[in-house]
Amino acid sequence: HPITLYHIFGYIVIEVGITVSDEESAVALTSNILSQDFSEDAFNIVIDAAKPTPTSIYARPGDRVYKWNSNSSRGSHIATIGFNAQNSDGIKGFVTAEHALWNASNLGIYECNCSAKSSCATSKSTDSCFVPFSSSIAGCTGLISNSGLYGSNTYKITASYTSSANLEGQTLTGFGKTSGKYTGIVISTNTSYHLDGGDGTSITDALLLKTAKGKPAGGDSGGCIVKIQNSSTTPQTVTFAGILSATSDDTDCTYAYVPKAHKITSALGVTLISGSN
């Protein structure tokens with residue numbers, strides 16, 4: 001029975017919340033309480049069947065990726081979701097950085113464990129992995145919506161760039177659990193780099209972005225990098241360009257290394273899923 005305290009004009013008013021199973025019980029209980037000279041403001045009866053249905057669980061692009069243990073206990077957040085996808089068998093899931101698996105046995109979101117490491121499809125050449133959903137996930141979405149990280153605006157992935165896209169000089173927007181929303185200018189569309197740690201992963205033909213010093217940062221890995229196409233709509237429409245893989249700092253800026261969208265989907269054998277759920 002939840003108890004709520006209100007301060008009204010210097011007095012403390014106590015409201016007791018009572019849950020019952022049906023309307024008939026609610027009527028009988030209300031009558032009984034009022035007959036004992038209690039005020040109608042002193043209690044609140046909730047019919048269990050009329051409680052709102054919990055909001056569906058989604059693993060959205062830009063949301064945090066967590067380590068999970070095999071005993072279903074959640075660990076620390078270690079990466080960011082890039083996009084939702086579906087493989088050739090119709091299995092749905094999310095894509096994040098492959099190096100998130102280096103020190104994790106299971107990956108998931110805040111609400112639930114999604115998959116064991118052994119169930120994930122991986123691509124070291126694009127530093128990406130496909131994490132199948134557990135039964136707790138309601139469905140796929142292309143909606144980037146997280147007010148705690150990115151403010152009140154929402155963004156919807158509607159397409160992804162193909163191999164013919166030339167993004168040099170374009171301003172792209174990234175989403176990450178550490179830095180929030182950040183922007184960078186593409187200064188190269190064909191850069192190669194090496195990831196420290198793990199088993200010596202090397203990536204070729206990636207985008208290189210010049211960003212503000214310190215953004216992106218650790219924990220932003222795997223997060224989606226997009227081009228905002230229409231900022232006047234709600235949600236704003238964006239085209240997916242790639243995911244964040246690594247960074248390096250210079251004197252007055254940070255460089256972000258971004259495996260390309262079409263290389264990721266091809267290597268993992270998945271298709272990007274859009275939509276605004």
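With hydrogens and angles disregarded, no donor-acceptor distance shorter than 3.5 Å links the side chain of Thr204 to the backbone of Ser192.
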Assess the residue pair Ile264 and Val95 against the criterion (side-chain contact (heavy atoms from CB on, under 4.5 Å)); give the C-alpha distance rounded to whole Å, side-chain angles, the decisive distance to 0.1 Å, and a yes or no.
CA-CA 9 Å; Ile264 294 169; Val95 172; 4.1 Å; yes

I'd like to know whether Asp220 forms a salt bridge (Lys or Arg N to Asp or Glu O under 4.0 Å) with Lys177, so could you lay out the CA-CA distance, the side-chain angles of the two residues, the decisive distance to 0.1 Å, and finally the verdict.
CA-CA 5 Å; Asp220 294 333; Lys177 76 170 189 65; over 6 Å; no

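Both Val270 and Val226 belong to a common hydrophobic cluster when Ile, Leu, Val, Met, Phe, Trp and Tyr are linked at side-chain heavy-atom distances under 4.5 angstrom. Leu172 is not connected to Ile185 by any chain of hydrophobic side-chain contacts under 4.5 Å among Ile, Leu, Val, Met, Phe, Trp and Tyr, and they are in different clusters. Note on Ile57: it clusters hydrophobically with Ile81, by side-chain heavy-atom contacts below 4.5 Å among ILVMFWY residues. Residues Ile225 and Tyr150 are members of separate hydrophobic clusters, defined by side-chain heavy-atom contacts under 4.5 angstrom among Ile, Leu, Val, Met, Phe, Trp and Tyr.
Residue Lys210 places its NZ atom among 12 or fewer non-hydrogen atoms of other residues, nucleotides or ligands, all under 6.0 Å distant.
Partners of Tyr58 under the ring pair (Phe, Tyr, Trp, His ring centres under 6.0 Å) rule, at least two apart in sequence or in another chain, do not exist in this structure.
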What pairs of donor and acceptor atoms, side-chain ones from residues 86-94 against any protein atom, are under 3.5 angstrom apart with sequence neighbours left out?
{"from": "Asn87", "atom 1": "OD1", "to": "Asp89", "atom 2": "N", "distance (Å)": "3.0"}
{"from": "Asn87", "atom 1": "OD1", "to": "Gly90", "atom 2": "N", "distance (Å)": "3.2"}
{"from": "Asn87", "atom 1": "OD1", "to": "Ile91", "atom 2": "N", "distance (Å)": "2.9"}

Side-chain donor-acceptor distances from residues 107-119 under 3.5 Å, at least two apart:
{"from": "Ser115", "atom 1": "OG", "to": "Pro132", "atom 2": "O", "distance (Å)": "2.4"}
{"from": "Lys117", "atom 1": "NZ", "to": "Leu101", "atom 2": "O", "distance (Å)": "3.1"}

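Salt-bridge formation is not detected for the pair Asp249/Lys213: no Lys NZ or Arg NE/NH1/NH2 atom is positioned less than 4.0 Å from an Asp or Glu carboxylate oxygen.
In terms of heavy-atom proximity, Gly82 sits nearest to Phe240 at O-CE1, 4.4 Å.
Between the side chains of Asn146 and Asp63, a donor-acceptor pair is found at a separation under 3.5 Å.
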